[in-house]
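Each remark here refers to the structure printed beneath this line.
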Amino acid sequence: MSVNNGFDIQQIIAQAREVITRPVNYFQSMEKTGGFGDPVLFVAVMGAVAGVIAAVFALFGSAGGLLAAVFGALIFGPLMAVLGAFIGAAVLYVIWKLMGSTEDYETAFRCQAALAALYPVSALLGIVPYIGGIVTIAWGAWLLVEASVAVHARPRRTAQIVFGVLAVLFIFTSLGSERASREMDARMEEMGEQFEGMEEMSPEEAGRKLGEFLKGIEQGAQGGGDQ
């Protein structure tokens, strides 16, 4: 990808397409220097697109909050994506150094920025429970293997072992986090059903309802601890 000194959405789309469909070619021809401007812009755009997709899915059918959610995604999506890219690049820089790479942090950041092409894909796959996270992590690991070989001149076997192990660890962590999140959503929905119409209850009825709900949570926690 050539260095671009301005915003060119066609070039950003072309870069995302090449990372996804031709990653070997992309990393072999990727420029290792040229400043942080272009990669940061690419990450920001991918973060914005992913944020909008996630917001639409989360609030589909709720037009009243959709506009606010999309607006928030356009602001916070790019900010969080860029911040995450800088942190992720620092981690990758250390990993590649331990693997024997001689490349600097800027090169590591450019490799990390390329992975942002998966952000919209990840947002789309997020509608599929568990499978979406697994596919995204595995795909990202594969891209890092290709970057290790083409950009950092590391042995493919070594890269496969390193990023394969990390991918497995991230997959287990992701599955646990997603499961906890879904259980929390279910409990919040149950809470909403429990307290539906509470404003019309007498204080005694509301107190009894709250007591039953808290007792149910306590029993659930005890049952989970006994397993």
Side-chain angles (χ1 to χ4, degrees), residues 1-51 75-123 133 135-171 173-174:
M1 179 182 176
S2 61
V3 177
N4 177 38
N5 295 320
F7 180 79
D8 187 343
I9 189 62
Q10 294 300 323
Q11 187 173 5
I12 291 175
I13 294 174
Q15 180 182 351
R17 184 186 301 116
E18 188 168 13
V19 172
I20 292 174
T21 62
R22 302 174 62 198
V24 175
N25 180 74
Y26 175 83
F27 286 117
Q28 286 177 343
S29 60
M30 187 191 81
E31 296 183 2
K32 300 179 182 181
T33 60
F36 290 88
D38 282 345
V40 165
L41 180 61
F42 179 74
V43 172
V45 172
M46 294 296 103
V49 173
I75 296 177
F76 294 107
L79 290 176
M80 297 304 297
V82 171
L83 177 61
F86 277 106
I87 296 174
V91 175
L92 288 176
Y93 173 72
V94 173
I95 293 174
W96 277 319
K97 280 298 180 183
L98 293 174
M99 293 171 63
S101 174
T102 59
E103 303 296 339
D104 59 13
Y105 175 78
E106 181 182 348
T107 301
F109 183 83
R110 284 173 169 262
C111 292
Q112 168 67 43
L115 268 66
L118 293 181
Y119 291 173
V121 178
S122 178
V135 171
T136 301
I137 294 172
W139 198 342
W142 173 51
L143 292 181
L144 290 174
V145 169
E146 297 303 331
S148 299
V149 175
V151 180
H152 297 270
R154 297 299 87 206
R156 179 173 296 275
R157 181 62 176 170
T158 301
Q160 288 174 336
I161 293 174
V162 170
F163 291 107
V165 170
L166 290 175
V168 171
L169 294 176
F170 276 118
I171 286 173
T173 302
S174 175

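Rounded to the nearest 0.5 Å, atoms CG (L144) and CZ (F27) are 7.0 Å apart. Note that NZ of K97 and NE2 of H152 are 9.5 Å apart. Values are rounded to the nearest 0.5 Å. Once rounded to the nearest 0.5 Å, the distance linking CD1 of I13 with CE of M46 reads 7.5 Å. Expressed to the nearest 0.5 Å, how far CG of D38 lies from CD of Q11 amounts to 6.5 Å.
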- Task: Quick one: do I12 and D8 satisfy side chain to side chain contact (heavy atoms under 4.5 Å, CB included)? Show the steps, please.
- Result: CA-CA 6 Å; I12 291 175; D8 187 343; 5.9 Å; no
- Message: Would T107 and D104 count as a side chain to side chain contact (heavy atoms under 4.5 Å, CB included) here? Give the steps.
- Response: CA-CA 6 Å; T107 301; D104 59 13; 3.0 Å; yes
- Query: Could you go step by step and tell me if L118 and L143 meet the side chain to side chain contact (heavy atoms under 4.5 Å, CB included) rule?
  - Reply: CA-CA 10 Å; L118 293 181; L143 292 181; 3.7 Å; yes
- Item | side chain to side chain contact (heavy atoms under 4.5 Å, CB included) between E103 and W96, intermediate numbers included | CA-CA 8 Å; E103 303 296 339; W96 277 319; over 6 Å; no
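Inter-residue side-chain proximity for Y26 and T21 is flagged as unmet; no heavy-atom pair is nearer than 4.5 Å. The closest side-chain heavy-atom distance from I95 to L166 is below 4.5 Å. The side-chain heavy atoms of P39 and Q112, taken from C-beta on, include no pair separated by under 4.5 Å.
The minimum heavy-atom distance between F163 and S148, with the atom names listed, is CE1-OG, 3.1 Å. Looking at every heavy atom in both residues, M30 comes nearest to C111 through CE-SG, 3.8 Å. Contact record, A117 with I20: O-CD1, 3.6 Å, taken as the closest heavy-atom pair. In plain terms, the two heavy atoms of L115 and G140 that are nearest each other are CD2-O, 4.1 Å. The heavy-atom pair separating A167 from I137 by the smallest distance is O-CG2, 3.6 Å. The minimum heavy-atom distance between A90 and Y105, with the atom names listed, is N-CE1, 3.5 Å.
The local environment of CZ in F86 is crowded, with over 12 non-hydrogen atoms from other residues, nucleotides or ligands closer than 6.0 Å.
A side-chain donor-acceptor contact under 3.5 Å links R110 to the backbone of G35.
With respect to the salt-bridge test (charged N to carboxylate O, under 4.0 angstrom), the residues R156 and E146 qualify.
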